[in-house]
Amino acid sequence: MKENPRKRGRPKSFSGKAAQTTIQSLDRALEVLDRLTASGGLTLTEIATELDQSPATIYRVLSTLEARGYVEMDPAAQAWHIGPTAFRLGSAFLRRSSVAERSRPVMHELMQVTGETSNLGIERHGEVMFVSQVETNESIRAFFPPGTLSPMHASGIGKALLSRHGDEQLARYFRTCRQDRFTDNTITTPDQLRAELARIRAQGYSFDDEERTGGMRCVAAPIINLYGEAVAGISVSGPTHRMETGRIAEIGELVRNAAETISRGLGAPETD
């Protein structure tokens with residue numbers, strides 16, 4: 001029996017500009033979700049103020065999202081939070097690739113061997129988005145909840161991914177993304193970053209030496225897929241007093257080996 005072809009994702013006559021093809025109420029609802037995702041909970045007044053909308057309008061949006069489980073309210077604090085349906089939606093995004101699933105056992109092993117938190121991140125619109133983490137049992141530790149964004153130039157995973165960019169892709173990154181300074185160690189110029197990326201390619205892992213946050217270090221390596229593309233990065237992060245300079249080469253080798261293990265699972269080509 002002949003299967004019916006799948007319908008196209010856009011109408012046949014689609015040619016309009018963004019302002020003509022977006023739904024304002026839906027766009028407003030997504031803005032609310034974005035604000036709640038980036039916060040630890042917001043009141044109705046706080047959301048309305050941040051979005052420059054009336055409380056009545058925002059309340060209707062929240063009520064609609066609450067009915068679908070995308071948001072929920074904490075009555076004690078009168079604060080709104082992301083709900084379980086939004087979590088399931090995010091989980092569907094991770095299921096598009098097997099990299100998160102394949103990485104989990106390797107991340108657990110990496111955390112146990114190094115004693116530090118292991119992270120998995122992907123490139124998302126010129127930033128690193130953390131999608132998975134295995135935390136150390138130490139009281140002082142790095143914490144990147146899934147969905148956290150970090151600038152690539154000041155991130156171990158970000159620099160590891162940038163080290164796999166071709167010349168044209170890297171030039172586009174420099175044109176479109178800012179290299180802001182966060183600490184005295186942050187790399188902020190294209191020439192400095194290009195030199196750093198060359199070192200990363202040579203040694204197989206990157207090192208974030210308090211470049212985003214003072215007192216924290218990170219070692220990362222890129223994960224490669226079947227086509228030789230860097231689809232994610234794996235890292236180990238922790239405080240400087242535990243990730244001392246003398247341990248970086250040892251941790252770097254462990255992280256590089258972990259990335260290679262995951263890459264092989266994704267069908268990455270063998271390297272010399």
Side-chain angles (χ1 to χ4, degrees), residues 97 99-100 102-104 106-124 126-136 141-146 148-165 170 173 177 179 182-183 185-187 192-213 215-225 229-240 242-245 247-266 268 271:
S97 170
V99 65
R102 289 182 180 276
S103 298
R104 289 299 292 182
V106 179
M107 292 172 66
H108 275 284
E109 183 178 356
L110 189 58
M111 182 277 291
Q112 291 170 352
V113 172
T114 63
E116 300 297 342
T117 296
S118 178
N119 313 285
L120 184 75
I122 62 173
E123 183 174 354
R124 186 72 173 166
E127 294 183 287
V128 174
M129 183 171 76
F130 291 91
V131 296
S132 186
Q133 183 177 67
V134 177
E135 291 186 72
T136 178
R141 57 186 182 268
F143 181 57
F144 303 103
T148 300
L149 296 173
S150 183
M152 295 188 72
H153 73 289
S155 158
I157 289 180
K159 291 194 295 182
L161 293 174
L162 285 173
S163 73
R164 300 285 301 192
H165 280 17
L170 197 56
Y173 167 77
C177 299
Q179 288 81 59
F182 300 100
T183 73
N185 291 354
T186 307
I187 298 173
Q192 288 178 317
L193 188 53
R194 288 182 190 277
E196 174 76 354
L197 298 181
R199 285 191 291 271
I200 294 169
R201 285 191 291 271
Q203 65 190 11
Y205 64 87
S206 65
F207 177 35
D208 166 11
D209 186 13
E210 301 183 79
E211 295 164 38
R212 179 65 175 88
T213 305
M216 299 298 293
R217 285 175 170 159
C218 174
V219 178
I223 296 170
I224 311 303
N225 68 6
E229 302 163 336
V231 293
I234 187 171
S235 73
V236 163
S237 53
T240 54
R242 291 203 305 265
M243 291 186 65
E244 299 173 342
T245 304
R247 292 190 65 202
I248 299 305
E250 173 195 351
I251 294 175
E253 183 176 356
L254 292 170
V255 172
R256 184 182 61 218
N257 290 341
E260 289 175 353
T261 297
I262 300 168
S263 297
R264 285 195 297 271
L266 296 175
T271 57

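Note: hydrogens, waters and symmetry copies are ignored here, and every other heavy atom, side chains too, is used.
Residues P146 and M129 form no side-chain contact, since every pair of their non-hydrogen atoms from C-beta on lies 4.5 Å or further apart. Looking only at side-chain heavy atoms (C-beta outward), L170 and L197 come within less than 4.5 Å of each other. Proximity of R212 to P151: side-chain heavy atoms (C-beta onward) are separated by under 4.5 Å at one or more points. In this structure, Y173 and L161 have side chains that are not in contact, with every pair of non-hydrogen atoms separated by 4.5 Å or more. A heavy-atom distance below 4.5 Å is found between the side chains of M107 and S132. Taking 4.5 Å as the limit, every side-chain heavy atom of L266 sits out of range of all side-chain heavy atoms of I224. Using a 4.5 Å heavy-atom threshold, the side chains of E123 and R164 count as separate. Annotation: side chain of F130 is in contact with side chain of I157 (closest heavy-atom distance under 4.5 Å).
Between atom OG of residue S163 and atom CZ of residue R199 there is a gap of 12.5 Å, rounded to the nearest 0.5 Å. From T186, atom OG1 reaches atom CG of D208 across 8.5 Å, with rounding to the nearest 0.5 Å. Expressed to the nearest 0.5 Å, how far CG of N257 lies from CD of E109 amounts to 10.0 Å. Within the model, atoms CD of E116 and CD of E135 stand 12.0 Å from one another, a figure rounded to the nearest 0.5 Å. Remark: L193 CG to E196 CD distance equals 7.5 Å, nearest 0.5 Å. Taken from OG1 in T117 to CG in L110, the straight-line distance is 10.5 Å, to the nearest 0.5 Å.
Residues I200 and A160 come closest through the heavy atom pair CG2-CA, 4.4 Å. Between A154 and F182, the shortest heavy-atom distance links the atoms CB-CD1, 3.9 Å. Closest approach of G204 to P222, counting heavy atoms only: O-CD, 4.3 Å. Pairing each heavy atom of A232 with each of V99, the nearest pair is CB-CG2, 4.0 Å. Contact detail for K159 and S206: the closest heavy-atom pair is CB-CB, 4.2 Å.
Heavy-atom neighbours of E253 CD from other residues, nucleotides or ligands within 6.0 Å: at or below the threshold of 12. Other residues, nucleotides and ligands place more than 12 heavy atoms under 6.0 Å from the CD atom of Q179.
Side-chain contact of N119 with Q133: a donor-acceptor pair under 3.5 Å is present, judged by distance alone.
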**Study point:** Pair T114-V219, side chain to side chain contact (heavy atoms under 4.5 Å, CB included): steps then yes or no
**Key:** CA-CA 11 Å; T114 63; V219 178; over 6 Å; no
Exercise for review: For the pair T245 and R217, evaluate side chain to side chain contact (heavy atoms under 4.5 Å, CB included) and give the outcome as yes or no after the intermediate values.
Suggested key: CA-CA 10 Å; T245 304; R217 285 175 170 159; 3.7 Å; yes
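The one candidate from T261, I234, V106 that meets the side-chain contact (heavy atoms from CB on, under 4.5 Å) condition with I223 is I234.
Under a 4.0 Å N-O distance rule, the pair E127/R124 does not qualify as a salt bridge.
A donor-acceptor distance shorter than 3.5 angstrom exists from the side chain of T183 to the backbone of E210, with no hydrogens or angles considered. With T136 contributing its side chain and G115 its backbone, the two residues share a donor-acceptor pair below 3.5 Å. R256 places a side-chain N or O within 3.5 Å of a backbone atom of Q203 that can act as its donor or acceptor partner.
Under the rule for a salt bridge (charged side-chain N to carboxylate O under 4.0 Å, His left out), R194 has no partner lying at least two apart in sequence or in another chain.
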